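Working notes for the structure below.
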Amino acid sequence: TIALIITRSLNAAFTTIRFGKDLLKTSRERFVYGSVPDFVEVRLAELEKAAQEGKRQAFDSVEGPQSRKGTSTVTLYSAPILARKSPLGVLTFGVEQRDEDSESNGDYRRLVQDIAAYLSSGFENMVLNVQLKSALKELSEAQRRIIEQEKLRSLGEMTANIAHEIKNPLVVIGGFT
């Protein structure tokens with residue numbers, strides 16, 4: 001859904017969001033909206049890797065094959081999705097440009113960084129929420145164990161007192177020791 005919104009609002013050809021293997025509990029690491037041209041795929045993977053490892057945005061233009069309409073160029077904008085300075089994933093979108101409209105690159109760099117920052121905040125909150133739920137579950141389990149131990153301790157103490165109360169009259173009556 002996020003990729004769809006970004007693609008539509010920026011009039012981009014496609015948007016990809018790639019996550020680290022440990023972040024999501026799904027079999028998919030990469031979510032794509034739109035059509036990624038074949039001639040872009042290899043450079044897209046390289047750019048995503050560079051953005052995630054370098055922890056900074058990256059961009060590049062990839063020229064496609066010549067057609068009757070002119071040369072198609074796809075400009076890729078990529079930015080890491082970070083949480084506490086560790087990479088969670090990468091946001092990349094591609095803007096298809098023809099020869100006549102190749103001047104509109106400036107704002108896209110800032111936009112990809114801003115959108116990645118918003119995604120970072122959301123995913124960091126999600127990660128923190130999962131950690132909080134895990135800590136709360138551990139705390140609840142520890143509390144349950146402590147209550148059970150206290151019950152057993154009280155039962156043992158009560159049993160010892162009852163045995164003592166039974167033993168006292170027997171000692172007086174029969175010399176039972």
Side-chain angles (χ1 to χ4, degrees), residues 1-65 70-144:
T1 305
I2 294 169
L4 164 73
I5 293 168
I6 293 169
T7 305
R8 291 283 173 97
S9 63
L10 297 177
N11 201 20
F14 62 88
T15 299
T16 68
I17 301 174
R18 181 182 300 271
F19 294 105
K21 294 178 182 172
D22 299 337
L23 180 65
L24 300 176
K25 293 178 181 172
T26 66
S27 59
R28 293 176 61 186
E29 293 177 26
R30 185 176 181 202
F31 297 88
V32 180
Y33 180 80
S35 175
V36 179
D38 292 336
F39 66 92
V40 172
E41 194 67 50
V42 172
R43 184 62 186 132
L44 175 64
E46 293 169 356
L47 198 67
E48 287 176 335
K49 186 176 180 182
Q52 188 163 5
E53 288 175 355
K55 298 180 186 174
R56 61 182 176 80
Q57 73 179 41
F59 62 95
D60 193 12
S61 293
V62 181
E63 283 196 20
T71 303
S72 174
T73 301
V74 176
T75 305
L76 304 171
Y77 300 92
S78 188
I81 300 171
L82 302 172
R84 296 185 180 179
K85 298 186 180 181
S86 64
L88 297 177
V90 179
L91 165 69
T92 305
F93 61 85
V95 178
E96 194 171 302
Q97 297 173 329
R98 301 282 173 207
D99 292 332
E100 62 273 3
D101 59 69
S102 62
E103 292 185 21
S104 60
N105 289 348
D107 292 337
Y108 285 119
R109 290 184 210 168
R110 190 173 61 238
L111 280 171
V112 72
Q113 191 66 39
D114 291 346
I115 293 169
Y118 286 123
L119 289 175
S120 296
S121 297
F123 287 117
E124 185 172 3
N125 286 342
M126 180 187 74
V127 168
L128 291 173
N129 195 13
V130 168
Q131 290 173 346
L132 180 64
K133 285 181 181 178
S134 175
L136 190 60
K137 185 177 178 182
E138 286 178 28
L139 184 62
S140 175
E141 183 64 26
Q143 184 179 20
R144 186 193 60 77

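Nothing here was measured: the structure is a model prediction, and the numbers come from that model. For the single chain, residues carry numbers from 1 onward in sequence order. Keep in mind that the numbers below use all heavy atoms, side chains included, and drop hydrogens, waters and symmetry copies.
In this structure, CD1 in I115 is found 11.5 Å from OG in S120, a value given to the nearest 0.5 Å. Atoms CG and OH, on L111 and Y77 in that order, are 9.5 Å from each other to the nearest 0.5 Å. In this structure, S78 OG and Q113 CD are separated by 10.0 Å, a value rounded to the nearest 0.5 Å.
A pairwise comparison of heavy atoms in P37 and F14 identifies CD-CE2, 3.9 Å as the closest pair. Between V40 and L76, the shortest heavy-atom distance links the atoms CG1-CD2, 3.6 Å. Of all non-hydrogen atoms in A116 and P80, the two that sit nearest each other are CB-O, 3.6 Å.
The side chain to side chain donor-acceptor pair (under 3.5 Å) analysis of residues 37-50, with sequence neighbours excluded, yields the pairs T16-E48, R18-E48, R30-E41, R43-E46, R43-D60. Counting only residues at least two apart or in different chains, salt bridge (charged side-chain N to carboxylate O under 4.0 Å, His left out) contacts with residues 112-121 are absent.
With sequence neighbours excluded, the residues forming a side-chain hydrogen bond (donor to acceptor under 3.5 Å, both in side chains) with E124 are R84, listed by chain and number. For E141, the side-chain hydrogen bond (donor to acceptor under 3.5 Å, both in side chains) partners are R144, not counting sequence neighbours.
Using a 4.5 Å cut-off on side-chain heavy atoms (C-beta onward), L44 and V74 make no contact.
Heavy atoms from other residues, nucleotides or ligands lying under 6.0 Å from CZ of F39 number more than 12.
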Identify every side-chain donor-acceptor pair in residues 130-139 under 3.5 Å, counting partners at least two apart or on other chains, and give the distances.
none

